[in-house]
Amino acid sequence: LKALFNELEFRTLAKRVFNEPEDGQLTLFEEPAEEVEKAELRTIRNTQHEYLVADTSDKIKEVVEQLLQAQEFCFDTETTGTDANNCELVGLSFAVKPHHAWYIPCPPDYNQTLEILQILKPAFDNPGILKVGQNMKFDLTVLHYYDIHPAGPFFDTMLAHYVLEPEQRHNMDYLARVYLNYEPVSIESLIGQKGGRQGNMRDVELSLIKEYAAEDADITLQLKHKLSSLLPEAGAEKLFNEIEMPLMPVLTSMEIQGVKIDVENLQQFSRDLEKDLFSIENEIYQLAGERFNIASPRQLGIILFEKLKIDDKPKLTATKQYATGEDVLEKLSGRHPIVEKILDYRELMKLKSTYVDTLPQMINPRTGRIHTSYNQAVTSTGRLSSTNPNLQNIPVRTERGREIRKAFIPRNPDYILLAADYSQIELRIIAHLSGDQAMQDAFRFGFDIHAATAAKIFKVPIEEVTREQRRAAKSVNFGIVYGISAFGLSQNIGISKKEAQLIIDEYFRQYPGIKTYMEKSIATARERGYVETIMGRRRYLPDINSVNANMRGFAERNAINAPIQGSAADMIKIAMINIHRELRNRNLNSWMVLQVHDELVFDVKRTEMDVVKPLVKEMMTNALPLSIPVEVDINTGENWLEAH
DNA sequence: GCGATCACGTA
DNA sequence: GTACGTGATCGCT
């Protein structure tokens, strides 16, 4: 079994967009403070502490007494694995004051563990006590399966650090090092290295697991005190207390609910795909005159550009291989019939390997459903991300991709799916933040925004806008959200950089407030070192003053995009909190199950639809009122595709 | 077995 | 041009 916590690595590896160096120059906002000498770190060996085992019901009752007298307590669970929806509780640790903690072991027998938890329940249930933890969604999920549903308020140190420093890491070892100059006992010292089959927490000797687990609760409590004092000065208290903390138990509920998948349908689809892939594969070998691994970009590049020579000046990747990405092949599709076959092959292979064959394997044996894991502390803008599996990138664009959405179904025949999504939310947020009169008018009049933009930049009546003009205008509108460049736009719609620049210039003439707003965002980033969302979520941009034009440009586009993407994230998070509260207060049997950035999906009891649908629409529409209308499209269906 | 690379799915 | 996560390949350990 694997390491015990998601705490260990939350961030996907920092992806360097630019190949360093920046002349080794430290910018104004870099913080070398985090590079603490390892030798100086304190550890459990040279730090006074009192970690006690409570392994009888009398001792556990004494612990509960202490917890009930405290204003706050920190707790942590030890488990047999990292999948909170499918692991067993091995023990719990508690702390109410620094350098002091208890460890309560839990036996493998489920009923015996239930009895232990019943003794602890009054402490978890008490809404007058603040519960502190690190990545508490994990612990709440584990406890859910033992009939423990802790009452807020909560203080999650991972989320506190996320609102303070969204682009840093948030695992406990890192926080302990930076804020406490302390190096906790490593999990590897208990259950072994990650690579070779890792041991099970269940098999760790009590004296060892006690030190490890109690230390976790102790350190987390100490971190809480450090971090809570930093929140006010960062202007992050409201964001933390009113959005991220209340959202945490909402995500816990969504993950526990999960979503049902139609396995038979996917298995049939897999057989269809296999058949089609086999024939496309053979057509490709025919056209290439040899067999090779089509899934290997390197081998494919050699076939296309050295054997078939379909381009005399092939584009190369960063590592000097032939580029064979979709955009490249699309442009070459007239040169040789093999190109289209490759694109078909890629599409079907992607669907089969990433979704059709994988999703059924992800069904939880306990529940028969799929439980994604939402990461609330990974993106630099405030969005959520989804893993194991990622349910935020289920296909929808192509005909065959949509087959996969059809496999997301209600939990049983008494239920039906409801999908609600914000319409053009990011553009509406720009219209709101910029105050641009023309764009605000377009939304107030309820125009098709891309057609309205096309009418303006191509100077034709809105009824006479061609499909091509609308498509171009749509690209420009998207480009605006991302911090447009003439090069980017030209690549996207296949025109010259010069033509793209003319379109952008005209766009800014028609929407002057947008241009001013973009310049203002960049200026704010230069002056303050950060930009922020409507709810005050900050993104720090140290590279905004970089001498490297690439890095500076990237920071400038982030200065434009982060408040827009992030404000949309603020809005849907508020909606989620309010909707969840209403559903639960009314004791309804309908559940929020998915979030895809601007969309929420619900598993709704058919008899409750008359209540749930208007409730969802109202809560989403009014979550974060803008100076222009917010629109929500909402639909029901027997599967996700139908509801969308 | 791990990590880099490439490609590609979503908003 | 923004933000993510996953799968296959391939070279290295």
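For the pair A/K573 NZ and B/dA11 P, the computed distance is 19 Å after rounding to whole Å. Nucleotide B/dA11 holds its P atom 17 Å from the CZ atom of A/R428, rounded to whole Å. One can place CZ of A/F408 at 12 Å from P of B/dT10, the figure rounded to the nearest angstrom. For the pair A/I404 CD1 and C/dG5 P, the computed distance is 20 Å after rounding to whole Å. Regarding A/F478, its CZ atom lies at a distance of 11 Å from the C1' atom of C/dT2, rounded to whole Å. A/L273 places its CG atom 13 Å from the P atom of B/dG9, with the value rounded to the nearest Å. Taking atom NZ of residue A/K315 and atom C1' of nucleotide B/dA7, one finds them 12 Å apart after rounding to whole Å. Distance, A/N561 CG to B/dA11 P: 16 Å, rounded to whole Å.
A/E326 comes within 4.0 angstrom of the backbone, heavy atoms only, and of no base. The residue A/V481 sits apart from the nucleic acid: no heavy atom pair falls under 4.0 Å. Among the atoms of the strands shown, none is found under 4.0 Å from any heavy atom of A/T372. At a threshold of 4.0 angstrom between heavy atoms, the contacts of A/G479 include nucleobase atoms, whether or not backbone atoms are also involved. Contacts of A/A323 with the nucleic acid, taken as non-hydrogen atoms under 4.0 Å apart, involve only primed sugar atoms and P, OP1 or OP2. If you check every strand for non-hydrogen atoms under 4.0 Å, A/L384 touches nothing. Here A/N492 lies in heavy-atom contact (under 4.0 Å) with a base. Residue contacts for A/F487: at a heavy-atom cut-off of 4.0 Å it reaches the sugar-phosphate backbone alone, with no base atom in range. Using a 4.0 Å heavy-atom distance criterion, A/Q299 is classed as a sugar-phosphate-only contact. At a threshold of 4.0 angstrom between heavy atoms, the contacts of A/I484 include nucleobase atoms, whether or not backbone atoms are also involved. At a threshold of 4.0 angstrom between heavy atoms, the contacts of A/S385 are confined to the sugar-phosphate backbone, with no base atom among them.
Which of C/dG5, B/dT10, C/dT9 sits closest to the side chain of A/S296 comes down to C/dT9. Closest approach to the A/L489 side chain among B/dA11, C/dG1, B/dC6 is made by C/dG1 (side chain taken as heavy atoms from C-beta onward). The A/R298 side chain lies nearest to C/dC10 when the options are C/dC10, C/dG1, C/dT9. Nearest nucleotide to the A/N293 side chain, out of B/dC6, C/dT9, C/dG1: C/dT9.
For A/N393 against B/dG9, a side-chain N or O and a base N or O form a donor-acceptor pair under 3.5 Å. For A/Q392 against B/dT10, a side-chain-to-base donor-acceptor contact under 3.5 Å is absent.
With respect to A/R470 and A/D448, a salt bridge is recorded, a charged nitrogen being found less than 4.0 Å from a carboxylate O. The residues A/R537 and A/E244 are annotated as salt-bridged, a charged nitrogen and a carboxylate oxygen being separated by less than 4.0 angstrom.
Considering only residues two or more places apart in sequence or on other chains, A/D633 meets the side-chain hydrogen bond (donor to acceptor under 3.5 Å, both in side chains) condition with none of them.
In this structure, A/K137 NZ and A/L247 CG are separated by 9.5 Å, a value rounded to the nearest 0.5 Å. The OG1 atom of A/T372 sits 10.5 Å away from atom CG of A/L251, with the distance rounded to the nearest 0.5 Å. Atom CD of A/E165 and atom CD of A/E167 lie 9.5 Å apart (nearest 0.5 Å). With values rounded to the nearest 0.5 angstrom, A/I187 atom CD1 is found 10.5 Å from A/K194 atom NZ.
Within the structure, a side-chain polar atom (N or O) of A/N558 is placed less than 4.0 Å from OP1 or OP2 of C/dA3. The side chain of A/N388 places no N or O atom within less than 4.0 Å of a non-bridging phosphate oxygen (OP1 or OP2) of C/dG5. Contact annotation: A/T317 does not reach the phosphate of B/dA7 (side-chain N/O to OP1 or OP2, under 4.0 Å).
At distances below 3.5 Å, at least one donor-acceptor pair connects side-chain atoms of A/S567 with backbone N or O atoms of A/I534.
For residues 339-359 of chain A, proximity to DNA chain B is found at A/R346, A/K350, A/Y355, defined as any non-hydrogen atom under 4.0 angstrom from a strand atom.
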*salt bridge (charged side-chain N to carboxylate O under 4.0 Å, His left out) between A/R509 and A/E506: does it pass, once the steps are laid out?*
CA-CA 5 Å; A/R509 255 196 293 282; A/E506 189 55 30; 3.0 Å; yes
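Take the nearest nucleotide of DNA chain C for A/P389 and for A/R383: the residue whose nucleotide is more 5' is A/R383.
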